[in-house]
Amino acid sequence: MLIDDLNWRYATKKMDADKSVSEDKVQAILDALRLAPTSSGLQPFEVFVVTNKDTRAKLSEAAYGQQQLVDGSHVLVFAAWDNYTAERIDMVRDETGEARGGVSDNIKEYYKNLKGNYVGRDAEVNFQHAARQAYIALGVAMVAAAEQKVDATPMEGFEPAKFDEILGLRAKGLKSVCILPLGYRAAEGDWLNGQAKVRRDPKVLFTHVA
């Protein structure tokens, strides 16, 4: 079934503006991406679920006029931490302790080591690391959308600084890194709809080292 879902999905170029993704399907996608693995389980990003039409129109302008942001019903904006800080790592430590019956000595030591590795490192290096974790969640979200038969178009073609301004991300210590409009493919006007899926030959893509 998973392979069927992945064969069904494609980067939808035109969404049907008359169709809206139900909240239960959106929630299923959000639940899946929340469970995505990240380095040390830090989840150093936030996801903004944008449904407001005016805001989506502004985001579309900052995404070179790509209409999926307007014609789809939801836009997920993945925004990574701009840096790792002691406070942010302590927050995750405390959440871990709450879920596991207390902050044990092992948990304290683990997160102390993380702070030693991350805090004080160049902020851009930390941001790029956090951004890669957001991309893991993006991939999981796309698979979940396919399972829900919801069309999703991953995008990097936008102006992050403008997105950050529109959504007020700077004040939150966040930077937008990738976006995922959700909706349903239009019956007409999408040149990619119905085209054969093209992927590299497995013999070229995979090298098995026995």
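All residue numbers refer to positions in the sequence shown, counting from 1. Since the structure is predicted, the reported quantities are computational estimates derived from the model, not experimental observations.
- Atom NZ of K149 has more than 12 neighbouring heavy atoms from other residues, nucleotides or ligands inside a 6.0 Å radius.
- The shortest distance between side-chain heavy atoms of L180 and M155 does not fall below 4.5 Å.
- Atom-to-atom distance recorded for I166:CD1 and R56:CZ is 13.0 Å, nearest 0.5 angstrom.
- Distance check: Q43 CD to L33 CG gives 9.0 Å after rounding to the nearest 0.5 Å.
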Pairs under 3.5 angstrom only: tabulate donor-acceptor contacts from the side chains of residues 198-205 to other protein residues two or more places apart or in another chain.
unit_1	atom_1	unit_2	atom_2	d
D201	OD1	K203	N	2.7

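- Pairs passing the ring pair (Phe, Tyr, Trp, His ring centres under 6.0 Å) check and including a residue from residues 53-100, sequence neighbours excluded, read W81-Y84, Y84-Y118, Y84-H129.
- Under the 3.5 Å distance criterion, the side-chain polar atoms of S176 are matched with a main-chain donor or acceptor of P160.
- Residues meeting the salt bridge (charged side-chain N to carboxylate O under 4.0 Å, His left out) test with R93, sequence neighbours left out: D90.
- Using a 4.5 Å heavy-atom threshold, the side chains of V75 and F48 count as separate.
- Applying the side-chain contact (heavy atoms from CB on, under 4.5 Å) rule to E124 yields the partners D122, F127, Q128, K175; only residues at least two apart in sequence or on another chain are considered.
- The side-chain heavy atoms of N193 and T12, taken from C-beta on, include no pair separated by under 4.5 Å.
- A single hydrophobic cluster is not seen to contain both L30 and L69; linkage of ILVMFWY side chains at heavy-atom distances under 4.5 Å, directly or through other members, places them apart.
- Grouping Ile, Leu, Val, Met, Phe, Trp and Tyr residues whose side-chain heavy atoms lie under 4.5 Å apart, directly or via other members, places W191 in a hydrophobic cluster with Y10, L192.
- Connection of I107 to V92 is established within a shared hydrophobic cluster, with ILVMFWY side chains joined at heavy-atom distances below 4.5 Å, either directly or through further cluster members.
- When the side chain to side chain donor-acceptor pair (under 3.5 Å) test is applied to E156, the partners found at least two apart in sequence or on another chain are Y135.
- Distance check: D190 CG to R185 CZ gives 8.5 Å after rounding to the nearest 0.5 Å.
- Residues that satisfy the side chain to side chain donor-acceptor pair (under 3.5 Å) test with K172, not counting sequence neighbours, are absent from this structure.
- Residue pairs meeting the ring pair (Phe, Tyr, Trp, His ring centres under 6.0 Å) criterion with at least one member in residues 140-178, sequence neighbours excluded: F158-F163.
- Side-chain contact between V77 and L167 is present, with at least one heavy-atom pair separated by less than 4.5 Å.
- Taking CG of L59 as the reference point, atom NZ of K162 lies at 12.0 Å (rounded to 0.5 Å).
- Among residues two or more places apart in sequence or in another chain, the side chain to side chain donor-acceptor pair (under 3.5 Å) test is passed with N52 by T55.
- Hydrophobic clustering, with ILVMFWY side chains joined whenever heavy atoms are under 4.5 angstrom apart, keeps V49 apart from I179.
- Taking a 4.5 Å side-chain heavy-atom cut-off between Ile, Leu, Val, Met, Phe, Trp and Tyr, the cluster of V140 contains only that residue.
- Residue-environment remark: CD (E188) stays at or below the threshold of 12 foreign heavy atoms within 6.0 Å.
- Enclosure of atom CZ in R170 by more than 12 non-hydrogen atoms of other residues, nucleotides or ligands within 6.0 angstrom is indicated.
- Counting only heavy atoms from C-beta outward, the side chains of L138 and L76 never approach each other to under 4.5 Å.
- For CZ of R34, the number of neighbouring non-hydrogen atoms (other residues, nucleotides, ligands) closer than 6.0 Å is 12 at most.
- At least one side-chain heavy atom of K197 sits under 4.5 Å from a side-chain heavy atom of N7.
- In the hydrophobic cluster analysis, where Ile, Leu, Val, Met, Phe, Trp and Tyr join through side-chain heavy atoms closer than 4.5 angstrom, V47 is grouped together with V26.
- In this structure, NZ in K115 is found 14.5 Å from CZ in R88, a value given to the nearest 0.5 Å.
- Shortest non-hydrogen contact noted between A28 and Q148 is CB-NE2, 3.5 Å.
- Listed by chain and number, the residues in a side-chain contact (heavy atoms from CB on, under 4.5 Å) with E147 are D5 (sequence neighbours excluded).
- Residue-environment remark: NZ (K58) stays at or below the threshold of 12 foreign heavy atoms within 6.0 Å.
- Checked by atom type and distance alone, the side chain of T153 never pairs as donor or acceptor with a backbone atom of A11 at under 3.5 Å.
- The closest side-chain donor-acceptor pair between N106 and S104, if any, does not fall under 3.5 angstrom.
- Listed by chain and residue number, Q27 satisfy the side chain to side chain donor-acceptor pair (under 3.5 Å) test with D31 (two or more places apart in sequence, or in another chain).
- In this structure, the side chains of F45 and V177 stay at 4.5 Å or more apart for every pair of heavy atoms.
- Between the side chains of Y111 and T96, at least one donor-acceptor pair of N or O atoms lies under 3.5 Å.
- To the nearest 0.5 Å, atoms OG (S39) and CG (L114) are separated by 7.5 Å.
- Put simply, the side chain of Q67 reaches to within 4.5 Å of the side chain of S60, judged on heavy atoms.
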